[in-house]
S.K.: 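The structure that follows is given in the form of structure tokens.
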Amino acid sequence: MIGTAADAGFPVSRCARCRRDVLLHLHVDERGELHRLCLHCDAEMDPEEVRWVEESALDDLGYGVRGESGGCGRPGCGMGRCGRT
């Protein structure tokens, strides 16, 4: 579900360099200006293109959220069969 910053907690935008929708992180430069950057390549995102999504939408974007059983979200992970953890 897409919402506003007030009701959803994760900023997302389309990154041309990564060629996909990505999570963003915020950076404050030496002048105190706020920049919205791609989590993967640090490309700057247009603030007008940022949308906010709920945690439940992260899986659809390729960001698996670890459940109570732990692991990376792949089948069998958290059961001793995952090479990523």
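Treat the numbers as computed from the prediction; the structure is a model and nothing was measured. Along the sequence shown, the residues carry numbers beginning at 1. Values below: all heavy atoms of this structure, side chains included; hydrogens, waters and symmetry mates excluded.
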S.K.: Does some side-chain heavy atom of Asp21 sit less than 4.5 Å from a side-chain heavy atom of Asp60?
M.R.: no
S.K.: Under the rule for side-chain hydrogen bond (donor to acceptor under 3.5 Å, both in side chains), what residues qualify as partners of Glu44, not counting sequence neighbours?
M.R.: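 In terms of side-chain hydrogen bond (donor to acceptor under 3.5 Å, both in side chains), with neighbours along the sequence ignored, Glu44 is linked to His35.
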S.K.: Can you name the salt bridge (Lys or Arg N to Asp or Glu O under 4.0 Å) partners of Asp29, sequence neighbours left out?
M.R.: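 Result, salt bridge (Lys or Arg N to Asp or Glu O under 4.0 Å) vs Asp29: Arg31.
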S.K.: Just jot down the salt bridge (Lys or Arg N to Asp or Glu O under 4.0 Å) partners of Asp42, sequence neighbours excluded, or say none.
M.R.: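 Per chain and number, Asp42 pairs via salt bridge (Lys or Arg N to Asp or Glu O under 4.0 Å) with no residue.
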S.K.: List the atom pairs, with distances to 0.1 Å, where a side-chain N or O of residues 9-17 and a protein N or O form a donor-acceptor pair under 3.5 Å, not counting sequence neighbours.
M.R.:
{"from": "Arg14", "atom 1": "NH2", "to": "Arg19", "atom 2": "O", "distance (Å)": "3.1"}
{"from": "Arg17", "atom 1": "NH1", "to": "Cys41", "atom 2": "O", "distance (Å)": "3.3"}

S.K.: Under 4.5 Å side-chain heavy-atom separation, chaining through any Ile, Leu, Val, Met, Phe, Trp or Tyr, what else clusters with Leu37? Say none if it is isolated.
M.R.: none
S.K.: Are Leu26 and Val28 linked, directly or through intermediate hydrophobic residues, by side-chain heavy-atom contacts shorter than 4.5 Å (ILVMFWY only)?
M.R.: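 Yes; Leu26 is reachable from Val28 via cluster members.
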S.K.: Output the distance between atom CG (Leu39) and atom CE (Met45), rounded to the nearest 0.5 Å.
M.R.: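 These two atoms lie 10.5 Å from each other.
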S.K.: Could you list the residues that satisfy side-chain hydrogen bond (donor to acceptor under 3.5 Å, both in side chains) with Arg20, not counting sequence neighbours?
M.R.: His40, Tyr63
